[in-house]
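Taking it in order: structure first as structure tokens, then the write-up.
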Amino acid sequence: MAHSCIHWFRKGLRLHDNPALMAALRDCKELYPLYILDPNYTYGGKKRIRFLMGALKDLDCSLQKLNSRLFVVRGKPEEVFPELFSKWNITKLTYEYDTEPYGRSCVGKVTTLAQEHGVEVIYKISHTLYDIDRIIEENNGKPPLTYNRLQSLVKTLGPPKKPIPAPTMEDIKDVKTPCFEQHNKKYKIPSLEDMGVDSTSMEEEQFPGGEQEALRRLDEHMKMTAWVCSFEKPQTSPNSLRPSTTVLSPYTTFGCLSARTFWWRLSEVYRGKKHSDPPVSLHGQLLWREFFYTASVGIPNFNKMEGNPVCTQVDWDTNSDYLSAWKEARTGFPFIDAIMTQLRMEGWIHHLARHAVACFLTRGDLWISWEEGQKVFEEFLLDLDWALNAGNWQWLSASTFFHQYFRVYSPIAFGKKTDKNGDYIKKYLPILKKFPPNYIYEPWKAPLSIQQAAGCIVGKDYPRPIVQHEVVSKKNIQRMKVAYAKRSPHITDSPEKKKGTKRKAPTVVEMLMKKNRRQ
DNA sequence: AATCAGGTTGATCTT
DNA sequence: CAAGATCAACCTGAT
């Protein structure tokens, strides 16, 4: 039968490696590529909205080259779909699977509605390298809590699936997208002003959204064969003036770039050459993404401390003065304030810079809950990803995954390793640009004469440090020790085993099921 | 069951 | 200046 089909773009804002879109084109006479601007999913700040709008424009552009169009509708999916199902006589709905709790609840509602309208629903997994649920199954229903464990699990699953090419004119030759003159009025991509964003006050866009830009950026980096082969994340710099890493994260987050396409391009570059390995390699970075996605699916209340069974319960302070000083780059520690300024201005900071400011906010200095930091990153990050944001905040606050809480980043020493002169600080905090290198990481120690010569008096033109790092970090280590002492003992296996009863052996049927799933 | 090795990316001092 | 020891001492997963 010839279907009238909606392909629902959610993440996966691309044509390449889009198996759900390909499934839509099969036996299809009318195709409606749809994006829903969901008011409940307007997560993130204005830069992120600008990125999204760019990605939608690019998608519409690519669809036009295939004689199709993107339909953009504002509203809640569960309210939008019934009307569109009837209006367009829809018989099939395709979408890319999303592991986020909100995405899953949304899809649940929409699937029920589709059934009521007699609409066939097809989804495909293409946002992650693997089927995340399969990884958890392979680990007996529990998410791995270490990277090593994740690595051994994915080894048993084999390499990720190969990406599929974007649809061509040949794929779409029997398919029409009914577009009328009203299209530009009714289904157009809203302007930033329509979205409530005042774009006049915004900085220039450094990382424009969209699949074309994503693929261009991928090509640009994959050409640097030696750089790719020797890439080791811990060796890259958090405070270089230009990003020392690929900055492909905003593109994989929105699905402008397929993680599998990225993976296999890397494999091509590596082929026959000596190269770095996970966890530090670029392949390793994609596996970290997989690691946190798996954790986010397998751990309840993953973006919270309370009710999160693997998260250390810590008596974080409530301190709105400290929190706003951190958020607004007024801590008095130039390295921290420069990073927070870059984050606000550009929507991207290096991973290790995230480590420095996250440690500072939580266990290192300010003793504020990682959930507060998570919210600030939600507002500022272009590459905001629900699972990665929650997972990394837990990691850095030594709440989950990482437990060596006695390793504390110094807001003074850490940046010096890769930027002795403080050029990064001078770029983002120009008030400090005349400070000599030996004082730029701790300007409060500069004699008044030097402060005067630099045209910046600490306490007047730039804040004094809000805490004494050497003092509070020591105190905080002790507070972490107390929090850890209250943790319930590590359960090494099933609760039954803990109680002294034997774990049930798998039945033959269960073993066969597992074997079949592996094929 | 108890023990052990390893853990993407600390800081500081010594050799 | 690179490598190693020390600081204090965590947890997970493997054996």
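We name chains A, B, ... by the order of the sequence lines, and we start the count at 1 in each one.
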Check whether any side-chain nitrogen or oxygen of [X] sits under 4.0 Å from OP1 or OP2 of [N], and answer yes or no.
X: Lys481(A); N: dA9(C); result: yes
X: Lys417(A); N: dT9(B); result: no
X: Arg407(A); N: dT9(B); result: yes

In whole Å, measure the gap between the [atom1] atoms of [N] and [M] for me.
N: dA2(C); M: dT8(B); atom1: P; result: 25 Å
N: dA9(C); M: dA5(C); atom1: C1'; result: 16 Å
N: dA8(C); M: dG7(B); atom1: C1'; result: 16 Å
N: dA1(B); M: dA14(C); atom1: C1'; result: 13 Å

Ring centroids of Tyr484(A) and dC10(C) base under 5.5 Å with planes under 30° =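 It does not: the ring fails the test against the base of dC10(C).
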Round to a whole Å and report the spacing from [atom1] of [X] to [atom2] of [N].
X: Arg363(A); N: dA11(B); atom1: CZ; atom2: C1'; value: 13 Å
X: Trp395(A); N: dT9(B); atom1: CH2; atom2: P; value: 7 Å
X: His403(A); N: dC11(C); atom1: NE2; atom2: P; value: 7 Å
X: His283(A); N: dT8(B); atom1: NE2; atom2: P; value: 18 Å
X: Leu153(A); N: dT12(C); atom1: CG; atom2: P; value: 16 Å
X: Phe401(A); N: dT8(B); atom1: CZ; atom2: P; value: 12 Å
X: Lys142(A); N: dA14(C); atom1: NZ; atom2: P; value: 9 Å
X: Met480(A); N: dC7(C); atom1: CE; atom2: P; value: 22 Å

request  = Any chance you could lay out the ring-ring contact (aromatic ring centres under 6.0 Å, His included) test for Trp395(A) and Trp370(A), step after step, and finish with the verdict?
outcome  = CA-CA 10 Å; Trp395(A) 185 291; Trp370(A) 58 269; over 10 Å; no
Complement of dG4(C), any strand, by Watson-Crick or G-U distances under 3.5 angstrom =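 By the stated definition (distances under 3.5 Å), dC13(B) pairs with dG4(C).
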request  = Determine which nucleotide pairs with dA9(C), using a 3.5 Å limit on both distances of a Watson-Crick or G-U wobble pair.
outcome  =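 Because no pair has both required distances under 3.5 Å, dA9(C) counts as unpaired.
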key: Any donor-acceptor pair under 3.5 Å from Arg330(A) side chain to Pro463(A) backbone   =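 Here the side-chain-to-backbone pair does not exist.
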task = Using side chain to side chain contact (heavy atoms under 4.5 Å, CB included) as the criterion, point out the one residue from Leu366(A), Val376(A), Thr331(A) that pairs with Leu361(A).
result =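 Among Leu366(A), Val376(A), Thr331(A), the one meeting side chain to side chain contact (heavy atoms under 4.5 Å, CB included) with Leu361(A) is Leu366(A).
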Minimum-distance nucleotide to [X] side chain [options: [options]]:
X: Ser410(A); options: dG6(B), dA11(B), dT9(B); value: dA11(B)
X: Arg149(A); options: dT8(B), dA14(C), dA9(C); value: dA14(C)
X: Phe414(A); options: dT9(B), dA11(B), dC10(C); value: dA11(B)
X: Tyr147(A); options: dT8(B), dT9(B), dT12(C); value: dT8(B)
X: Arg487(A); options: dT12(C), dA11(B), dC10(C); value: dT12(C)
X: His351(A); options: dA11(B), dA9(C), dT8(B); value: dT8(B)
X: Trp288(A); options: dT12(B), dG10(B), dT8(B); value: dT8(B)

For [X], which contact category applies under a 4.0 Å heavy-atom criterion: base, sugar-phosphate, or nothing?
X: Lys416(A); result: nothing
X: Leu145(A); result: sugar-phosphate
X: Val280(A); result: base
X: Phe402(A); result: nothing
X: Gln285(A); result: base

So, [X] versus [Y]: side-chain donor-acceptor pair below 3.5 Å or not?
X: Gln285(A); Y: Lys233(A); value: yes
X: Tyr428(A); Y: Glu346(A); value: yes
X: Ser126(A); Y: Glu96(A); value: yes

task = Kindly say whether the aromatic ring centers of Phe401(A) and Phe292(A) come within a distance under 6.0 Å.
result = yes
